[in-house]
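Here is the structure we will look at, set down as structure tokens.
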Amino acid sequence: MNLEHAHYTDEMEQNSVVQSSLTEAQVKVVNHQHGPLLVLAGPGSGKTTVVTKRIAKLIENGVAPWQILALTFTNKAATEMKDRVHAQLNYDPQKVRGLTVATFHSFCARLLRQWGDRIIGTTSYSIYDSADQKSAVKEAIKRCELNTSNWKPASALAAISNAKNALIDCETFAREASDFYARNVAKIYTAYQSILNENDAVDFDDLLMLTALLLQQDDEVRESVQERFQYLMVDEYQDTNHTQFVIANLIAKNHRNFCVVGDPDQSIYAWRGADISNILEFEEQFSDCAVIPLGQNFRSTQHIVDAAASLISHNKNRKEKRIYSELEVGERPVVKTLMDEYEEAETIVSEATKLIGKGVPQKEMAVLYRVNALSRVLEDAFRRAGVPYSVARGTAFYDRKEVKHALAYLTLILNPKDNLACERVINVPTRGIGATSLQRLKLYAHQHQMSLLQAALSVCKEDGFSKRALNAMVEFANTCLKWREDAHSEDSMTAAASLADVVERVVRESGLEKLYSTNPTEEDYERLQNLEELVSASTEFEQRFMESQDTPQTPLVLLSEFIQQVALVSDADAIDPEQGAVTLMTLHASKGLEFDFITIAGLEESMLPHQRAQFDDDQLEEERRLCFVGMTRARKHLLLTNAKRRMHRGLTERTMASRFLSELDEEHVDFGDVAVINKQVPMPAETKPSSEIQLGSVVRHARFGIGKVQRIMRRPRGSTVTVQFSTTVKHLVLEYANLELVDEFEVNDYTPEY
DNA sequence: AACTGTAAACTTTTT
DNA sequence: GTTTACAGTT
């Protein structure tokens, strides 16, 4: 497992060779060493080169490396930046000692490992992933005695996450909640926090929020952090949220050596709380700051840059900014319209094959899409054609059942109060502690204010447990505690020698290994291999961690770092160019990367722009930026595809070409034989088809297919229609039926599969 | 207590 | 089309 691999180093070298001499603007950035600095870096503007040169120069000018903090968005970006600073300094270990390059989240996690007792109450906290969050919020809703059908975990969680991203803790939220909805969310939020608290756990957003609060409230911590990090740099600043802004500001506000780098046109995370005003208002926040725009693109050929520029110019809410390329004119981006997703996938694979034949390496190719669901058909096509591919799904490995179980055991070693982890594995492999026993145990633990693991040791027959369950619980708890003791132990006879020892031991002694190795099915065998892979991942982690440390660490510290790192992997981190495979990933995951050949698939209305963003101007502009980001990943070849029909939730639906295609400047794009792409903006929000439905209209329903409207009952609210479908007649409520108006002639030229 | 099969809910995007 | 939740069976 390459969790944190150095990526694209050879392209980067290549890039810096091309750019052996810096432009005037780039030189300005490198030479700006003190005071606030805003770098507006367009795509492919050599941002990473410039930023790493700037850091290297700071160090060569006598700034101690440990005084520099650079914050990035993904682990991958952090690793790459660190490697390139190392390279700039000729890999002299003395010159990079203590240099901190990290993601916001991992930086905060580390800070809380040090100071967490002042705000969480412990430094050995668990980090809850989205599955853990979901079960915690479910429990919270239950505790609030709210109706679970009205209060969906996902929406409550979204509200809580938004609050945390805006640095609103549950007390503040409760104080400010005015309406019914907000008051209930406040209740859930408060209950959710106390659940996390009971488990000594934090979620992703807490890592940021608690760090911000800690820096605000605790003078000693703030001063120590301010003192240490005299130089701060934040990458992808357009995608930071308010809480991150507060953290950065608290660190930098005295010395003001604060450099931010970003591009408002590449802001694609507003949906998760990113606040674009952070970058737009930086100049006002720091009135004496230098602003340096980097507009020249050194990555892509001219047609690609110009086509992308023509697309982004359609955003109204935007600061005009010229981007241009002085590389060769190059090929025009190609648009291809295919019949369905299968033909689309085949076309993409055959274009890739063609380019492979021309000598373009597979690792220089990527296929981008809006939603993960699109990967399946593409994967099938690549597999059938025998073209190696890899899907950027960093978390996929750690989401596997067996891996999650092993990790839960390991988490329990670090944090015996983590009841969620305990609950996950107390009966895996099955040891006779069923649903009833577990319920009883939870009740007991709750009544006696103790953790599940503690409770498992103190319950007895009188509490209503069977002898079998009782024995199993005691054995389970003792095993967990023994692991913990041994990992702690200073005694070299019993102490685990390494992290991998601990992991291996847990896999063996938990019974997971036995579970999958006694007369294994094919699936069991695969699970066993995954467990082995986890052991080797821990070995690999250990080696890399030791290299970066001066002093040896105890297995427990290593384990803690390992589990923390696992919790914070992202999809983009899984991209491993060494494998020589075509990369498949979401548009979001492609941020910051570059490839010779890029395909963006599924350029259709309701796909890109996505359905849920279609009717909101701000969200629509974010979709356009997302498309812009995708296009500007390409160095030399860019293919844009759409399918005339696509399967969605098991039903084949007709699609419309994305409006973004019609926004591309024809001069720079090859529309091939489909030059007749609908140039008009399709289906503006006002003319939703359902508002035009009348007697005799032909409509499509997601489930029942195509039908004819026979009767309409117009009411101010809840108009009903009677529709004759091919097999049935249905009475539907207009507002909820989601009927799509179909032109009759379209029905004829289109033969649906149902 | 553990397993097996069927119904329903569902998908943006992620640290 | 896929995953999860729940009910029913041994």
Side-chain angles (χ1 to χ4, degrees), chain A residues 71-78 102-109 127-131 133-135 138 148-149 152-154 157-158 161 164-165 202-209 211 236 239-241 243-244 267-274 341 368-377 380 392-395 399 401 427-439 466 468-469 472 564-574 585-591 602 606-614 619 622-623 625-627 629-630 646-653 702-703 753:
Chain A
L71 296 173
T72 60
F73 214 67
T74 60
N75 296 304
K76 188 180 164 308
T103 65
F104 255 106
H105 285 84
S106 65
F107 172 72
C108 292
I127 300 173
Y128 276 4
D129 67 14
S130 30
Q133 287 184 55
K134 203 178 155 198
S135 50
K138 267 186 186 164
T148 43
S149 56
K152 294 243 157 39
L157 220 39
S161 176
K164 289 180 177 178
N165 287 331
V202 304
D203 65 19
F204 291 127
D205 301 314
D206 280 337
L207 289 171
L208 303 176
M209 184 176 76
T211 300
E236 306 284 9
D239 285 323
T240 52
N241 61 39
T243 300
Q244 289 167 318
S267 152
I268 54 174
Y269 284 101
W271 57 271
R272 81 169 204 215
E341 64 264 49
L368 313 181
Y369 36 78
R370 179 64 236 263
V371 297
N372 280 307
L374 246 58
S375 76
R376 213 198 85 246
V377 179
D380 287 346
R393 277 289 192 102
T395 54
D399 280 341
K401 198 172 77 180
N427 199 30
V428 180
T430 50
R431 39 173 79 90
I433 307 163
T436 14
S437 295
L438 182 61
Q439 260 348 88
S466 70
R468 182 165 147 212
Q564 173 177 312
Q565 197 239 15
V566 164
L568 300 175
V569 286
S570 69
D571 283 355
D573 298 333
M585 69 187 131
T586 62
L587 284 157
H588 283 89
S590 78
K591 189 172 76 163
S606 85
M607 195 76 221
L608 182 64
H610 193 270
Q611 190 171 9
R612 301 186 57 160
Q614 264 178 328
Q619 288 184 50
E622 181 151 309
E623 298 290 305
R625 290 194 293 270
L626 194 53
C627 188
V629 166
R646 183 180 297 279
M647 183 96 94
H648 180 62
R649 270 202 210 163
L651 288 168
T652 301
E653 283 169 0
R703 186 122 46 96
E753 260 77 35

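Residue numbers begin at 1 in each chain, while the letters A, B, ... track the order of the sequences. Every heavy atom of this structure was used, including side-chain atoms; hydrogens, water molecules and symmetry mates were not.
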- Message: Both A:Ala613 and A:Gly434 contact DNA chain B. Taking the nearest nucleotide for each, which residue is further toward the 5' end?
- Response: A:Gly434
- Message: Side chain of A:Asn372, heavy atoms from C-beta onward: which of B:dT15, B:dC10, B:dT13 has the nearest atom to it?
- Response: B:dT13
- Item | Any side-chain heavy-atom pair of A:Val428 and A:Lys401 under 4.5 Å | no
- Item | Per-nucleotide protein contact string for nucleotides 2-10 of chain C, where B marks a base within reach and S marks sugar-phosphate only (heavy atoms under 4.0 Å, - for neither) | S--S-----
- Task: Using only side-chain N and O atoms of A:Thr586, determine if any of them is under 4.0 Å from OP1 or OP2 of B:dT14.
- Result: yes
- Query: If you measure from the ring centre of A:Trp271 to the centre of the six-membered ring in the base of B:dT13, is it under 5.5 Å, with the planes under 30° apart?
  - Reply: yes
- Item | Nearest-Å distance once atom P is located in both B:dT11 and C:dC6 | 16 Å
- Query: Taking the six-membered ring for Trp, are A:Trp271 and A:His588 ring centroids under 6.0 Å apart?
  - Reply: yes
- Query: A:Arg468 side chain: which of B:dT15, B:dT14, B:dA2 is closest?
  - Reply: B:dA2
- Task: Please report the C-alpha distance between A:Val629 and A:Ile268 in whole Å, then the side-chain angles of each, then the deciding distance to 0.1 Å, and finally whether the side-chain contact (heavy atoms from CB on, under 4.5 Å) criterion is met.
- Result: CA-CA 9 Å; A:Val629 166; A:Ile268 54 174; 4.2 Å; yes
- Find the distance A:Asp571:CG to B:dT15:P and express it as a whole number of Å. 6 Å
- Pairing of A:Arg393 and A:Asp399 as salt bridge, 4.0 angstrom limit: no
- Okay, side chain of A:Ser161, backbone of A:Leu157: is any donor-acceptor separation there less than 3.5 Å? no
- Query: Is any side-chain nitrogen or oxygen of A:Thr103 closer than 4.0 Å to OP1 or OP2 of B:dT15?
  - Reply: no
- Length of the line joining A:Glu623:CD and B:dT13:P, which is rounded to integer Å: 11 Å
- Item | Rounded interatomic separation in angstrom, taking CZ from A:Arg393 and P from B:dT14 | 8 Å
- Message: Run the ring-ring contact (aromatic ring centres under 6.0 Å, His included) test against A:Phe107 and tell me which residues pass, sequence neighbours left out.
- Response: A:Phe229
- Query: CG of A:Asn75 versus P of B:dT14: gap in Å, rounded?
  - Reply: 15 Å
- Note on the structure: One should report the stems of DNA chain B, each a stretch of at least three consecutive Watson-Crick or G-U pairs at distances under 3.5 Å, as B:1-10 with C:1-10
- Task: Give A:Met647 one of three labels, base, sugar-phosphate or nothing, depending on what nucleic acid heavy atoms sit under 4.0 Å from its own.
- Result: sugar-phosphate
- For A:Ser466 and A:Glu622, take the nucleotide of DNA chain B holding the closest heavy atom to each; which residue's nucleotide lies nearer the 5' end? A:Ser466
- Item | A:Tyr269 OH to B:dT15 C1', straight-line distance once rounded to whole Å | 9 Å
- Rounded to whole angstroms, how far apart are CZ on A:Phe107 and C1' on B:dT15? 16 Å
- NZ of A:Lys152 versus P of B:dC10: gap in Å, rounded? 6 Å
- Message: Between P on B:dA1 and CZ on A:Arg431, what's the gap in Å once rounded to a whole number?
- Response: 15 Å
- Query: Is the closest side-chain heavy-atom distance between A:Ser375 and A:Asn372 below 4.5 Å?
  - Reply: no
- Message: If you compare every side-chain N and O of A:Asn165 against the phosphate oxygens of B:dT15 (OP1, OP2), does one of them come in below 4.0 Å?
- Response: no
- Task: Would you mind reporting whether A:Leu208 and A:Lys164 have side-chain heavy atoms less than 4.5 Å apart?
- Result: no
- Within the structure shown, what part of the strands sits under 4.0 Å from A:Ser130 by heavy-atom distance: base, sugar-phosphate, or nothing? nothing
- Message: Could you go through A:Met585 and A:Asp571, starting from their C-alpha distance and side-chain angles, then the distance that decides it, and tell me whether this counts as side-chain contact (heavy atoms from CB on, under 4.5 Å)?
- Response: CA-CA 8 Å; A:Met585 69 187 131; A:Asp571 283 355; over 6 Å; no
- Taking A:Asp203 for the side chain and A:Tyr128 for the main chain, is one N or O donor matched with an acceptor at less than 3.5 Å? no
